[in-house]
Amino acid sequence: MPRFRETSLKSTPSVPRKERIKDPKNVMRSVDPAALLMLEKAKEKNLISSFDRFAAQQPQCAFGYEGICCRICFQGPCRIKAEVGPGSKGICGATAYTIVARNVTRMMAGGASAHSDHGRHIAHALLHAAEGKIDDFKVTDVEKLKRVADRVGISTEGKDANQLAKEVSLAALEDFGRQTDEPCRWLWAYITEGRRKKFEDCNIAPTSIDRAVVSMLHQTHIGTDADPVNIIFGGLKTSLADYTGMHISTDLSDVLFGTPKPVVTEANLGVLKADKVNIIVHGHNPILSQTVVNVAREMEDDAKAAGAAGIQLSGICCTGNEVLMRSGVPIATNFSSQELAIMTGAVDVMVVDVQCIMPSIRAISECYHTKIVTTMDNSKIPGSYHYAFDEKHAVESAKEIIRLAIEAYKERQGKECDIPQIKNKVIAGFSLEALLDLFSAIDPETPIKVLTDAIEAGEIAGVALLCGCNNLESVHDNNHLTIAKELAKNNVFLIGTGCAAQALAKAGLLAPEAVEEYAGEGLKNFLHRLADANKDKLADGLPLLFHMGSCVDNSRAHDLCTMMAEQLGVDIPKVPFVAAAPEAMSEKAVSIGGGAVAMGIPTLVGTMPPIEGSSLVYGIATQIAFDVYGGYFIFETDPMVAAEKLNAALEYRTWKLGIHKQVAEKYGTRLCENY
Ligand code: BF8
Ligand code: SF4
């Protein structure tokens with residue numbers, strides 16, 4: 001018997017709300033030594049960063065924090081002030097549960113919009129490339145294109161790459177705007193039979209991405225839906241639309257730019273070089289960043305002619321992850337420390353696209369020679385340079401940006417840089433294809449069995465996806481590191497994406513040495529066996545955590561989980577697979593989390609989303625979700641307790657899977673379908 005019942009995981013966080021922020025005056029809220037050095041410098045120079053602004057915002061409004069402030073119409077804001085009486089409802093009579101449910105599902109719609117718009121941009125680029133309307137992009141990975149076409153049911157017979165790419169991109173675009181009632185193709189093609197049935201039964205299968213978002217905004221308009229279960233289920237439909245958009249983004253980015261393979265590189269601010277032209281790419285969309293990377297290789301001589309030793313590219317946030325995965329570009333830092341990168345004084349240009357870009361980078365850049373370049377029509381920062389990134393002239397735009405960086409480098413001469421000499425080795429680039437390739441060195445017939453066999457044999461405890469953001473409610477990177485180390489100790493196979501993977505990369509957990517330092521015996525044996533079988537391909541060894549990419553690449557992790565389910569002959573709620581967003585903060589994280597729960601995955605959130613104002617909504621997220629979908633949220637802000645809860649969820653699933661299999665074998669019956 002496992003130590004925990006699964007239901008005991010669905011309790012309230014162990015740290016009460018008032019104690020979550022211990023010392024609001026302490027701005028040294030990081031465990032990243034490079035970030036701490038830069039925060040010291042910032043103090044000396046009187047520079048303000050998000051760390052100071054976080055402190056200045058304390059104490060934050062409890063109504064907003066708990067999700068019981070409604071601003072959906074402008075009779076409001078309405079706040080739920082009392083248990084009984086007129087103060088217990090908004091002016092229209094909306095209760096706490098309606099207000100909390102509406103607020104959180106609107107966040108899901110925001111997240112789905114961000115991911116999906118990014119996917120739409122990639123689909124358009126692929127379509128235009130296939131039609132020969134743009135010269136700067138082409139189908140790079142024909143094999144991936146064929147795999148995607150097969151998967152979504154498009155025949156590849158007798159079609160050349162461009163014809164196939166056109167059909168695939170048009171099918172993807174149809175998933176954004178279909179007006180009939182079939183579910184999104186990119187969702188239906190990638191999930192288990194059990195999930196298809198579940199989503200149909202619960203009426204949460206989106207028919208198109210845009211429609212799901214519009215429906216959600218309608219459903220949460222004043223005076224429409226007041227039923228929290230119905231609102232949250234509508235939110236889950238939006239989350240599955242988000243999943244669809246993420247999958248389209250991943251698939252079509254791989255087709256355009258190549259499917260990632262293992263790369264060896266470095267992470268943390270020490271990757272910046274004082275004697276080189278430093279360009280940081282920041283944001284999410286690989287269309288821009290990958291072009292900058294490709295063009296920079298050709299412009300090394302221009303940088304040298306200006307007296308620099310060359311061009312040093314590095315990345316922040318998910319666009320950084322995209323170019324890390326495909327081109328081995330080093331990681332400069334992650335979300336919360338983005339301003340600190342500029343405070344090194346070494347960044348010549350920070351070029352940004354969309355999402356997670358703090359507007360404050362522009363004010364910080366004023367104190368240095370750094371140029372901030374915005375590139376997208378929908379993402380501008382007053383006072384920055386704006387180079388409209390036009391697909392038709394992508395290479396020319398990238399060249400102009402690099403020329404600007406070379407000019408800025410010249411301007412920097414004679415000024416001091418404060419680059420913390422801190423960085424760690426990183427092995428990344430693990431698309432699902434790359435991961436399966438590693439497994440196939442042991443079992444070429446059924447590579448995924450290498451993973452599921454090791455779980456069934458008790459060598460490893462299951463799989464955990466570490467994903468999501470930074471959120472200064474927790475100490476920067478601390479939740480990520482604590483949870484990863486605790487899970488590794490308990491023999492959990494770790495995969496990662498987003499800023500979580502960047503936190504672990506900066507701290508050296510994506511280096512082979514981390515396996516020796518942190519892995520439990522079983523995990524160590526498993527990873528050694530895998531490394532030995534792949535010595536010819538990866539002489540550098542294997543990391544403790546396998547970096548699968550940006551946040552849209554959570555789709556790769558979902559596919560891994562689905563493959564495990566199919567191999568084990570069960571649906572996802574029985575798979576020993578958990579997800580964790582230890583420092584979540586964005587609307588995208590809410591959307592991704594909802595999707596993971598609907599898929600049947602126990603999902604830890606280590607920073608509180610605004611739902612504590614309604615115990616009913618809290619119960620839907622933690623209990624009712626489990627009863628209906630088999631997945632559920634674990635809200636836990638203490639990282640040690642969070643790790644314990646994740647380990648317990650895996651232990652319980654593995655134990656139950658074993659029992660169900662034994663019973664089915666003994667009595668010759670079908671495997672029990674209960675969660
Ligand atoms: O899309 S993890 S802070 S960068 S939202 Fe943003 Fe969060 Fe980072 Fe990637 Ni994802
Ligand atoms: Fe207040 Fe209702 Fe308007 Fe919300 S929708 S602001 S609760 S009146």
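What you see below is based on every heavy atom in this structure, not just the backbone, and it leaves out hydrogens, waters and symmetry mates. Counting starts at 1 for both ligands and their atoms, in listed order.
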Here the atoms of ligand 2 under 4.0 Å from any heavy atom belonging to Ile222 are 5 (S)
Exercise for review: Assess the side chains of Arg29 and Ser336: does a donor N or O sit below 3.5 Å from an acceptor N or O?
Suggested key: no
Any heavy atom of Gln355 under 4.0 Å from ligand 1? The part involved is neither
With distance as the sole criterion, is a donor-acceptor pair present between the side chains of Asn334 and Asp477 under 3.5 Å?
yes
query = Do the side-chain N and O atoms of Thr607 and Glu473 include a donor-acceptor pair separated by under 3.5 angstrom?
reply = no
I want to check a possible cation-pi pair here: Arg326 against Phe257, using under 6.0 Å from ring centre and within 45° of the ring axis as the test. no
Fill in: Proximity of Phe635 and Tyr618 rings by center, below 6.0 Å
yes
### Query
Taking atom types as modelled and ignoring hydrogens, do the side chains of Asp553 and Thr250 form a donor-acceptor contact shorter than 3.5 angstrom?
yes
Counting from 1 in the order shown, the ligand 2 atoms closer than 4.0 Å to a non-hydrogen atom of Gln75 are 8 (S)
In this structure, atom 1 (Fe) of ligand 2 is nearest to the protein heavy atom Cys78 SG, 2.3 Å
What lies under 2.8 Å from atom 7 (Fe) of ligand 1, restricted to protein N/O/S atoms, is Cys469 SG
protein heavy-atom neighbour closest to atom 2 (Fe) of ligand 2 works out as Cys92 SG, 2.4 Å
Proximity of Tyr190 and His247 rings by center, below 6.0 Å: yes
Among Cys70, Gly76, Gly90, closest by heavy atom to atom 4 (Fe) of ligand 2 is Cys70
**Prompt:** Does Arg102 come within less than 4.0 Å of ligand 2, judged by its heavy atoms?
**Reply:** yes
TODO: Report yes or no: do Ser113 and Asp117 form a side-chain donor-acceptor pair below 3.5 Å?
DONE: no
Check: Hey, are His480 and Gln502 close enough side-chain-wise for a donor-acceptor pair under 3.5 Å?
Finding: no
Any N/O/S atom from Cys73 (main chain or side chain) under 2.8 Å of atom 3 (Fe) of ligand 2? yes
#### Entry: Side-chain H-bond candidate by donor/acceptor type, Lys588 with His118, under 3.5 Å
no
Closest to atom 1 (O) of ligand 1 among protein heavy atoms sits His284 NE2, 2.6 Å
